[in-house]
Structure formats: structure tokens, C-alpha cells
Amino acid sequence: MTADQHPNHPSARTALSVNVNKVALLRNTRHLGIPDVVKAASLCLEAGAQGITVHPRPDERHIRRDDVYEISAMMKDWPGREFNIEGNPFHNLMEFAHDLSARGLPLHQCTFVPDSEDQFTSDHGWSFPQDAERLKPLIEQVHARGVRVSLFMDPDAQAMAAAKAVGADRVEFYTESYARAWPGPGKSKALSRFTEAARAAVAIELGVNAGHDLNRDNLTEFLRAVPGVQEVSIGHALVADALELGYEATVKDYLRCIDEAFTRA
């Protein structure tokens, strides 16, 4: 591992992408457009977030079709920040990738997630070699539009080479196993799987993202232990914190957590 790939090297500092799905979920319980999802995304960017993530599911139970286009249009005002759409490429994700490209709207990353249409939340990653052949042409289609592809993956070091071979630019580690174990006695064992998988990814120049149930308590320790994490996508915990602290204070505190991971006491 080179110095600039180490998680504590300044040039490798992790970016924060805020997932605004839960803002949309609250909005959808009424017909007044409150809270405003686009405004929430804008406030998070104003507070220093490096990106915005949405996961529009086919039933539109939180993020709706119009939200995707409106947030992407808003991102034009934030050069240097990134818009990430995640979802199942065999459901509706590819349609959004094609439409945004056709409309000339910003899209920087597509995160392929193998969730079912009625799934409560994402709870597992892609499997190799089972999923390889059907993913490869879809990854190529997204690449043809100049968009990065990340695959939602479990922390399996053996699968990193397969993800790279199929054309992925990055993997996003599904981090719930770590979050569930933290801070109990199983934490170290859970964390070691992510460390090993990240090292395998970094060794073959496969980018590393992470997300799912990361929060202000467990984020710093995760980033200190797992090398090369380029981005964390955080939604549920961050939006819950924002209900008490507000968007600005919450985003800044998550950025503090990231900063602390790069500062050794």
C-alpha cells in the first residue's frame, strides 16, 4: 500500500455523500411537499457535504422520479460535488442513468444494488461469479455515458478481483454487520473483514466506498481501520440526527468524525 492510499494520508480523505431518502419518506406522509427534499440536499451541500445520494425504488415509497431530476439539476450549481444514484440496474436505475445523460444533467456515480422491489432496505451485496455476466453489459452502458460504477458488496476479500474484472470502478461495502457489532465484543472480528476486503481492493486499484448504518458513534473507528475509503454514503442516521441538530450542525459533525479518522492522537 502506498502512502497516498493509506486512510490517514491527507490526499485520501474520505468524502461524505448524504442520502436524502429518509427526507423524502417523511415528505411522502403528507401532500404538502414538506420537508423539501431538494432544499434538504442543498443545505447539506452548503454545510460541506461532498455529495448527494438517492435510491429511487420502483414503488417510489421515498425518492420519486421528479426528485431525481430536480436534485440533479440543482447539482449544476455545485461544481466539484457529486450526485450518486443507487438502485437495482434490473429495475429502474438504468432508465435514470440514460435519461439524465440525455438531458445533460449531472450524474457522477451509479451504485448497483441487488435489492428486490419490495425489500425493506438493502441487506446484501452482489455474488460472484453468479452475477458477473449479467452485470458486465450494464456497467459498460453506464461507462459509455462517462459515469463511474460502484457495486454494493459484502466485505469478501475473495470477491474484489471479480468485481474489478466485471468492470466496476469501485465497490461500496455493506457495513451493517460492523454497525450491529459495534461497540460489543464482536466488533473487532466484524471490522477485520472490512479491513481485509479493502486491502484486497486497494491492491488491485479498485476504489472503496462504504455505507449502511454508519453513524457519528462508529464512523471514525471504521475509517481508521479500513484503508482507502473514498466515500461514505450516510442517510438514516444523518437525517435522524438532523431532526435534533439541524442539517448544518449534523453534516459538520459527520465531517468532524471523518477528520478525526485522519488525525492520530
Side-chain angles (χ1 to χ4, degrees), residues 1-19 49-51 53 82 84 86 109 111-113 121-128 148-164 168-238 251 253-265:
M1 184 187 303
T2 62
D4 62 355
Q5 291 168 329
H6 193 279
N8 294 320
H9 190 277
S11 66
R13 191 157 301 212
T14 305
L16 171 65
S17 185
V18 177
N19 186 319
Q50 288 87 13
T53 291
E82 291 200 347
N84 169 50
E86 59 183 33
Q109 179 173 265
T111 300
F112 288 12
V113 183
T121 187
S122 306
D123 65 6
H124 65 282
W126 296 99
S127 298
F128 291 98
R148 179 196 315 131
V149 175
S150 178
L151 297 181
F152 196 66
M153 298 287 293
D154 298 309
D156 179 2
Q158 302 302 316
M160 296 301 102
K164 176 79 170 181
D169 304 290
R170 297 185 184 181
V171 291
E172 179 179 329
F173 289 141
Y174 168 50
T175 52
E176 185 180 5
S177 59
Y178 163 70
R180 283 185 176 274
W182 196 94
K187 174 192 65 176
S188 295
K189 182 177 180 180
L191 192 54
S192 67
R193 293 185 63 211
F194 291 94
T195 301
E196 182 182 357
R199 286 174 177 164
V202 167
I204 57 174
E205 298 184 349
L206 178 65
V208 176
N209 295 341
H212 208 93
D213 292 335
L214 294 174
N215 56 47
R216 290 185 294 157
D217 293 327
N218 61 34
L219 178 58
T220 298
E221 186 169 1
F222 182 86
L223 294 178
R224 281 181 173 167
V226 181
V229 179
Q230 293 169 275
E231 173 190 289
V232 288
S233 177
I234 303 178
H236 179 87
L238 191 150
V251 169
D253 207 34
Y254 275 87
L255 293 172
R256 175 194 60 78
C257 293
I258 293 173
D259 288 343
E260 288 186 0
F262 294 84
T263 305
R264 292 292 183 184

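For reference, positions follow the sequence shown, starting with 1. All figures in this text were calculated on a predicted structure; none of them were measured in a lab.
- The line from CZ of Arg199 to CD1 of Ile204 is 15.5 Å long, rounded to the nearest 0.5 Å.
- Checked by atom type and distance alone, the side chain of Thr14 pairs as donor or acceptor with a backbone atom of Val229 at under 3.5 Å.
- We find the CG-CG distance between Asn19 and Asn84 to be 8.5 Å, quoted to the nearest 0.5 Å.
- Contacts of Asp259 classified as side-chain contact (heavy atoms from CB on, under 4.5 Å), with partners at least two apart in sequence or in another chain: Arg13.
- Leu16 approaches Tyr254 most closely through the heavy-atom pair CD2-CB, 3.9 Å.
- No donor-acceptor pair closer than 3.5 Å links the side chain of Asp154 to the backbone N or O of Asp156.
- Closest approach of Ser177 to Ala190, counting heavy atoms only: O-CB, 3.9 Å.
- The heavy-atom pair separating Val226 from Ala198 by the smallest distance is CG1-CB, 3.4 Å.
- In terms of the ring pair (Phe, Tyr, Trp, His ring centres under 6.0 Å) criterion, residue partners of Phe222 (sequence neighbours excluded) are, by chain and number, Tyr178, Phe194.
- The closest donor-acceptor contact from the side chain of Thr175 to the backbone of His212 lies under 3.5 Å.
- Here the closest non-hydrogen pair linking Cys257 and Thr220 is O-OG1, 2.7 Å.
- Counting heavy atoms from C-beta outward, Met153 and Phe128 have side chains that approach closer than 4.5 Å.
- With values rounded to the nearest 0.5 angstrom, Asn209 atom CG is found 7.0 Å from Arg148 atom CZ.
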Pair up each side-chain donor or acceptor in residues 230-237 with any protein partner under 3.5 Å, not counting sequence neighbours, and list the distances.
| residue | atom | partner | partner atom | Å |
| --- | --- | --- | --- | --- |
| Gln230 | OE1 | Val208 | N | 3.1 |
| Glu231 | OE2 | Gln109 | NE2 | 3.2 |
| Ser233 | OG | Thr53 | OG1 | 3.4 |
| His236 | ND1 | Lys22 | NZ | 2.6 |

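- Under a 3.5 Å cut-off, the side chain of Lys164 and the backbone N or O of Glu205 do form a donor-acceptor pair.
- Smallest separation of non-hydrogen atoms from Ala163 and Val171: CB-CG1, 3.9 Å.
- Asp169 places a side-chain N or O within 3.5 Å of a backbone atom of Val149 that can act as its donor or acceptor partner.
- Trp182 places a side-chain heavy atom less than 4.5 Å from the side chain of Glu221.
- Contact check for Glu260 versus Leu219: no side-chain heavy atoms found under the 4.5 Å cut-off.
- Between Met160 and Ala200, the shortest heavy-atom distance links the atoms CG-CB, 4.0 Å.
- In this structure, the side chain of Arg224 engages the main chain of Thr263 through a donor-acceptor pair within 3.5 Å.
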